[in-house]
Structure formats: C-alpha cells, structure tokens
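There's a structure below that I have some questions on.
Since we're looking at a predicted model, the values are computed, not measured. First the proteins, then the strands, lettered A, B, ... as listed; each starts at 1.
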2 protein chains.
Amino acid sequence: MTTSEEKRQPEITLTGCGYHRVLELISDKWTALVIYALENGSVRYGELLRKIEGISKKMLTHTVRKLERDGLVHRHITPIVPPTVEYSLTPLGESLLEPMRSLRQWIRVHDSQVMAARVNFDQTYNKDNDSPNLEDHL
Amino acid sequence: MTTSEEKRQPEITLTGCGYHRVLELISDKWTALVIYALENGSVRYGELLRKIEGISKKMLTHTVRKLERDGLVHRHITPIVPPTVEYSLTPLGESLLEPMRSLRQWIRVHDSQVMAARVNFDQTYNKDNDSPNLEDHL
DNA sequence: CGGTATCCTAAGCGATACTG
DNA sequence: CAGTATCGCTTAGGATACCG
C-alpha cells in the first residue's frame, strides 16, 4: 500500500536534527556567556557573578548546573569555611570551544550585514511609523 | 581615583559576547530546523510545513520572517493564484552553514558523552526517587 | 561564600479559526 | 496556497529574601 505513492512523513524532527540538539546545550540566555567566561581557565562562583553583567545568582546557578549535568563544566569544591567553588570547562566542554569559536568568528565578520538586513527589512515593510527607534531590544 | 585599586566592572555582556549574538540568530525552537530544511535549495511554504514535524503555520511564518529580517533567508513570491512562495538561503545564510555544520559534527561525535554525563549526574545527585524515567523531555 | 526558596511577570509557543 | 488573528497555557527568567 505504501509502494508507489507513499505519503511522505515529516523528515525533520526536533530530536533528529543535529543543529537543534547542540543548540539545546548552549542556547539559553546565559549559557554562552558562562562558557565564554570559562574559556581561559577556572573561575569562582562569585567571580562569574561579577564578570557577567546582569546575571543573578539564581540564573548563574541554574546555568552552571545544566552545564555540569551535560558534562561540559566541572565543579570543584574546596570544603573550607567559607566554601570555595571553582568552575572550569571539562575536556568535553573544551572540545566544544572550537566549533563555537567558528560561530563567533562568523558573527564578527557578518554582523554588519545582519544589521543592514534588519534596517532594510524594517524600512521595506515599514513598521507603521516613520521615526522608530531602530535598536531592537537593547 | 580609579588608579590603583580600580573596581572591575563586568567584562562580559549579552550584547558584547559574540557567542551570544550568533545564537540569537539561530536558537529559537524552530530556526535550526528551518535552516536544515533549506540546506539543499529552495522549498515552498507548504513543503516546509509538511517536512518539519510538529511546526504550526504560526511558528513557521514567525521563524522564516525572522530569518528573512536577519538576511539569512530569501522569500520569493510568484504572484499567481493561488500564490507560490519559495524560501531559500541567501549567500549570507549559506555562509552560516559551515560553522553550523561543525557544531552538528560535534554533537554527532559527542552526543553519547553528553547522554552519559546526564545519566551519571542524575544518579549522583539522585532525584529523590529510585525508578525515575531518565528520558528528559522526549 | 555559595547557594535555595518563593513569588511574579514576560515571553514563547500551541491550537484553532478566519482570509485574500 | 500562504498566510493572520486571537486566545490561553506553560515556561524562562527577574527580584527579593533567607540559609549552612
């Protein structure tokens, strides 16, 4: 019955698409920033909190926990009082730096083109005003 | 006053981190899937809808519009009735494929390590039960 | 110091119905 | 065929306070 004119079922699924699966690891609001902060070696919790602008304790903890669960980040506790907690990339996490850097390189090269495309798009399909603030969500 | 013991301001910002800025382009739920669907050439709206499992018209439209606004996807309308709309990657969009493919390659190689890390994490910090369903959000 | 707990809002997303 | 419009849910995320 499915011989000649087979109904084609969807070929692309969330769980089957490699693009989507990596992005799940690194695409919430703060994950990329934390990885960036750990690129040059281990950093303490409080330091991360100060280095990453705008992050709250809640979100920092949430983000490093998720990274730890996925095996990308290691958490090292020195059990003194008060406690010292160092975070660092695991070898697995470091192996992800290379593909991530090529992404970053892409935006460095093409950022202006993206910006230009946005301005052009917003002008073409004019957002029903003539003196809008073009900066999106800054 | 900020000579010797300068208070160090945050070094890492959402708008300053290249990692974060690229991810903004490609990291919502369906964007990666749409790019994947367009990797081999232009595809019609209805085809995308059928090829990508679970996507709704609303989200497909939303996703391709965002991609178009960012200059990654081109929208070509053939004004007949009923209309035909083809979507394809722009040169800018195609240039993004290379770094994205290296990300995808990474997950292909390291997926099992991530999965193993998760199982290990969940067992170590046991989620207060002994027969949990380990599959997260499938 | 390095976190949790709680509450609350805003955004993302899905379902359904309607349209040129 | 290729979309909008509307509604409502569910989650991500922010603010604040408390804890070992």
To the nearest 0.5 Å, what is the distance between CD1 (B:Ile55) and CG (B:Leu60)?
->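 Output value for this atom pair is 4.5 Å.
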Results of side-chain contact (heavy atoms from CB on, under 4.5 Å) for B:Ala37 - residues two or more places apart only |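 Applying side-chain contact (heavy atoms from CB on, under 4.5 Å) to B:Ala37 gives A:Ile12, B:Leu48, B:Ile52.
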Separation of A:Glu24 atom CD from D:dA12 atom P, in whole Å?
->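 Result: 11 Å.
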Distance-only criterion, 3.5 Å: show the donor-acceptor pairs between side-chain atoms of residues 73-83 of chain B and protein atoms not counting sequence neighbours.
from, atom 1, to, atom 2, distance (Å)
B:Arg75, NE, B:Tyr87, OH, 3.2

Distance test, side-chain N/O of A:Arg65 to OP1/OP2 of C:dG3, below 4.0 Å =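 Checking C:dG3 against A:Arg65, a side-chain N or O does come within under 4.0 Å of OP1 or OP2.
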Given atom CD of A:Glu86 and atom C1' of C:dG3, what is their separation to the nearest angstrom?
->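 To the nearest whole Å, that distance equals 16 Å.
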Go through the structure and list residues passing side-chain hydrogen bond (donor to acceptor under 3.5 Å, both in side chains) with A:Ser95, not counting sequence neighbours.
->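 With sequence neighbours excluded, A:Ser95 shows a side-chain hydrogen bond (donor to acceptor under 3.5 Å, both in side chains) to B:Trp106, given in chain and number order.
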Salt bridge (Lys or Arg N to Asp or Glu O under 4.0 Å) involving A:Lys66 - partner list, sequence neighbours excluded |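 For A:Lys66 the salt bridge (Lys or Arg N to Asp or Glu O under 4.0 Å) partners, ignoring immediate neighbours, are A:Asp28.
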Contacts of B:Phe121 that satisfy ring-ring contact (aromatic ring centres under 6.0 Å, His included) - sequence neighbours left out |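 ring-ring contact (aromatic ring centres under 6.0 Å, His included) list for B:Phe121, sorted by chain: B:Tyr125.
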What pairs with A:Glu98 under salt bridge (Lys or Arg N to Asp or Glu O under 4.0 Å), at least two apart in sequence or on another chain?
->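 For A:Glu98, no residue satisfies salt bridge (Lys or Arg N to Asp or Glu O under 4.0 Å) once neighbours in sequence are set aside.
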To the nearest Å, give me how far apart CD1 (A:Ile77) and P (C:dG3) are.
->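 After rounding, the reported distance stands at 7 Å.
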Separation of B:Glu47 atom CD from D:dA2 atom C1', in whole Å?
->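 Spelled out: CD on B:Glu47 to C1' on D:dA2 is 13 Å.
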side-chain contact (heavy atoms from CB on, under 4.5 Å) involving A:Glu53 - partner list, sequence neighbours excluded |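 Expected list: B:Pro10, B:Thr13.
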Contact list for DNA chain C against residues 35-44 of chain B - heavy-atom distance below 4.0 Å =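 Residues of residues 35-44 of chain B under 4.0 Å from DNA chain C: none.
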Roughly how many Å is it from NE2 in A:His76 to C1' in C:dG3, rounded to a whole number?
->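 In whole Å, C:dG3 C1' lies 17 Å from A:His76 NE2.
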Does the side-chain hydrogen bond (donor to acceptor under 3.5 Å, both in side chains) test come out yes or no for A:Thr31 and B:Tyr19, once each step is laid out?
-> CA-CA 9 Å; A:Thr31 300; B:Tyr19 291 160; over 6 Å; no
Output yes when at least one side-chain N/O atom of B:Arg50 is less than 4.0 Å from OP1 or OP2 of D:dA2, else no.
->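 Looking at the OP1 and OP2 atoms of D:dA2, neither is under 4.0 Å from any side-chain N or O of B:Arg50.
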Rounded to the nearest Å, what distance is computed from the CD1 atom of residue A:Ile80 to the P atom of nucleotide C:dG2?
->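 It is 9 Å, rounded to the nearest whole Å.
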Is the distance from OP1 or OP2 of D:dC1 to the nearest side-chain N or O of B:Tyr87 less than 4.0 Å?
->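 B:Tyr87 to D:dC1 OP1/OP2: no side-chain N or O under 4.0 Å.
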Residue list, salt bridge (Lys or Arg N to Asp or Glu O under 4.0 Å) with A:Arg65, at least two apart or on another chain =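 Testing A:Arg65 for salt bridge (Lys or Arg N to Asp or Glu O under 4.0 Å), a comparison that skips the adjacent residues, returns none.
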When the C1' atoms of the five terminal pairs at each end define the local axes, what inter-axis angle does the helix from C:dC1-D:dG20 to C:dG20-D:dC1 show, to 10 degrees?
->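 Roughly 50°, once rounded to the nearest ten degrees.
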With sequence neighbours left out, write down each residue that passes salt bridge (Lys or Arg N to Asp or Glu O under 4.0 Å) with A:Lys51, or none if nothing qualifies.
->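 A:Lys51 satisfies salt bridge (Lys or Arg N to Asp or Glu O under 4.0 Å) with no other residue.
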Just how far, in rounded Å, is C1' of C:dG3 from CG of A:Leu60?
->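 Atom CG in A:Leu60 sits about 10 Å away from atom C1' in C:dG3.
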Heavy-atom contacts, protein to nucleotides 11-20 of chain C, under 4.0 Å, summarised as B (base), S (sugar-phosphate only) or - (none) per nt, yield --BBB----B
